[in-house]
Amino acid sequence: MSTIRLTINPDILDWSLKRAGLSPEDIKQKFPDYVEWSLNKKKPTLHQLEQFSKKVHLPFGYFFLTMIPHETVPIPDFRTFNTKVAKIGNLISVELRDTIHSMQYRQDWLRSYCIENEFPRNPFNGCAIGETNIEKIVNQLKNILQLSDWSNVRFQDQFNYLRDKIEENNIFVFSNSIVDNNIHRKLDIEEFRGFVLADDYAPLIFINSNDSKNAQLFTLVHELAHVA
């Protein structure tokens, strides 16, 4: 029985590799025929394409599209070491993209739950819009979070203490060092340290826990200010 080989779009093939932050050199051992695939001189088998799809974290069906899909950064801003958001053109890593999508999925569920159970809109979201006095904003946030005893909290406990205070105000905080539960997909702090998904019902903050404890605390405060 002959092996079935698949006709794919070589432009999608090259795009998917760049999207994953990889080069032909990175994958030549596992996919020695990649260059021939990309030149349309050879066709991959079903099994080969399935494995390649997993390697670049792209749904299998994308390889049969006639045109390269237009992808944008799912959120407008996130905290980084510098202001360069994209590694390649307007691309971000697939690890960051998948983490954002995972958090958006959770937020959609949380938002639906809040609405279905007739929770009020979250008053914290956008509460500082229009205010330019930084001291007033800081005092406003401290009052909302009831941080009058903040100075008495030990440094090593401050992140968890502040996180608890934030979540008491129905702002959801998630942190992880990898994509979901995949230990082979580490989140890079050189790319991002955290981000926020503002929402009237379920504002959500994500912290990259590969960062130092001090940096995680700063990021938590930074993203909280974005919610406000």
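This structure is a prediction, so every number in the text was calculated from the model and none was measured.
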Enquirer: Got a sec, which hydrophobics cluster with Ile183, joining ILVMFWY side chains under 4.5 Å apart, including via others?
Expert: Ile178
Enquirer: Do Ile115 and Tyr201 make a side-chain contact, defined as non-hydrogen atoms from C-beta onward lying under 4.5 Å apart?
Expert: yes
Enquirer: Of the options Ile92, Leu58, Asp14, which is the one that meets Arg19 in a side chain to side chain contact (heavy atoms under 4.5 Å, CB included)?
Expert: Leu58
Enquirer: Between the side chains of Asp200 and Asn125, does any donor sit under 3.5 Å from an acceptor?
Expert: yes
Enquirer: When the aromatic ring centroids of Phe195 and Phe206 are compared, is their separation below 6.0 Å?
Expert: yes
Enquirer: Please tell me if the side chains of Thr45 and Gln48 come closer than 4.5 Å, counting only heavy atoms from C-beta onward.
Expert: yes
Enquirer: Take atom CD in Gln146; do more than 12 heavy atoms of anything else shown fall under 6.0 Å from it?
Expert: no
Enquirer: Any salt bridge between Asp98 and Arg185, counting N to O under 4.0 Å?
Expert: yes
Enquirer: For Asp33, which of Lys42, Lys43, Lys41 qualifies under side chain to side chain donor-acceptor pair (under 3.5 Å)?
Expert: Lys42
Enquirer: Over all heavy atoms of both residues, which pair between Thr219 and Ile207 is shortest? Give the atoms and the distance, please.
Expert: CG2-CD1, 3.7 Å
Enquirer: Which heavy atom of Ala198 sits nearest a heavy atom of Gln107, and at what distance?
Expert: O-NE2, 4.0 Å
Enquirer: Is it true that a side-chain atom of Asn210 and a backbone atom of Ile189 form a donor plus acceptor pair closer than 3.5 Å?
Expert: no
Enquirer: Establish whether Trp15 and Leu65 are linked, either directly or via other cluster members, by ILVMFWY side-chain heavy-atom contacts under 4.5 Å.
Expert: yes
Enquirer: Starting at CG of Leu17, measure out to CG of Asp26 and round the result to the nearest 0.5 Å.
Expert: 7.5 Å
Enquirer: Does a sphere of radius 6.0 Å around CG in Leu39 hold more than 12 heavy atoms from other residues, nucleotides or ligands, not counting ones at 6.0 Å or beyond?
Expert: yes
Enquirer: Atom CG in Leu217, atom CG in Asp211: separation rounded to 0.5 Å?
Expert: 11.0 Å
Enquirer: When rounded to the nearest 0.5 angstrom, what distance separates OH in Tyr62 from CZ in Phe64?
Expert: 14.0 Å
Enquirer: Are the side chains of Glu135 and Ile137 in contact, using a 4.5 Å heavy-atom criterion?
Expert: no
Enquirer: Would you say Ile12 ends up clustered with Val94 if hydrophobic residues are merged whenever their side chains have heavy atoms under 4.5 Å apart, either directly or through other cluster members?
Expert: no
Enquirer: Could you give me the CA-CA distance, side-chain angles and deciding distance for Lys142 and Ile144, then say whether side-chain contact (heavy atoms from CB on, under 4.5 Å) is met?
Expert: CA-CA 6 Å; Lys142 287 174 66 177; Ile144 293 174; over 6 Å; no
Enquirer: CD1/Ile166 to CG/Leu147 distance, rounded to the nearest 0.5 angstrom?
Expert: 8.5 Å
Enquirer: Look at the side chain of Asn122 and the backbone N and O of Phe124, then say whether any donor-acceptor pair between them is shorter than 3.5 Å.
Expert: yes
Enquirer: So among Val56, Leu6, Thr7, which one has a side chain to side chain contact (heavy atoms under 4.5 Å, CB included) with Phe63?
Expert: Val56
Enquirer: Would you kindly confirm whether Ile68 and Trp37 end up in one hydrophobic cluster when ILVMFWY residues are joined by side chain heavy atoms under 4.5 Å apart?
Expert: yes
Enquirer: Counting distance only, does the side-chain N/O of Ser38 pair as donor-acceptor with the main-chain N or O of Val35 below 3.5 Å?
Expert: yes
Enquirer: Is there a path of hydrophobic side-chain contacts, each under 4.5 Å between heavy atoms, that joins Ile4 and Leu49?
Expert: yes
Enquirer: Would you indicate whether the side-chain heavy atoms of Glu191 and Glu95 approach each other to under 4.5 Å?
Expert: no
Enquirer: Cys127 and Pro123: which non-hydrogen atoms are nearest, and at how many Å?
Expert: CB-O, 3.4 Å
Enquirer: So if you build clusters from Ile, Leu, Val, Met, Phe, Trp, Tyr with side-chain heavy-atom gaps below 4.5 Å, do Val196 and Leu145 land together?
Expert: yes
Enquirer: Whether the Arg163 and Ser175 side chains hold a donor-acceptor pair (N or O, under 3.5 Å, no angle test) is what I'd like checked.
Expert: yes
Enquirer: Could you grab the distance from atom CG of Asn214 to atom CD of Gln158, nearest 0.5 Å is fine?
Expert: 9.0 Å
Enquirer: In Å, rounded to the nearest 0.5 Å, how long is the span from CD of Glu25 to NZ of Lys28?
Expert: 3.5 Å
Enquirer: Stepwise, does the side-chain contact (heavy atoms from CB on, under 4.5 Å) test hold for Ile205 with Leu220?
Expert: CA-CA 7 Å; Ile205 293 171; Leu220 184 59; 4.1 Å; yes
Enquirer: Using the ring of each side chain (for Trp, its six-membered ring), is Phe52 parallel, tilted or perpendicular to Phe31, with breaks at 30° and 60°?
Expert: perpendicular
Enquirer: Between Asn176 and Ser209, is any side-chain donor less than 3.5 angstrom from a side-chain acceptor?
Expert: no
Enquirer: Are side-chain heavy atoms of Leu96 and Leu187 found at a separation under 4.5 Å?
Expert: no
Enquirer: Write down the atom of Asn208, the atom of Ser177, and the distance for their closest heavy-atom approach.
Expert: OD1-CA, 4.3 Å
Enquirer: Test side-chain contact (heavy atoms from CB on, under 4.5 Å) on Phe159 and Asp164 and set out the steps.
Expert: CA-CA 9 Å; Phe159 180 87; Asp164 290 343; over 6 Å; no
Enquirer: Write out all pairs satisfying salt bridge (Lys or Arg N to Asp or Glu O under 4.0 Å) with one or both partners inside residues 46-65, taking only residues at least two apart or from two chains.
Expert: none
Enquirer: With sequence neighbours excluded, give me every side chain to side chain donor-acceptor pair (under 3.5 Å) pair touching residues 108-120.
Expert: Arg111-Asp199
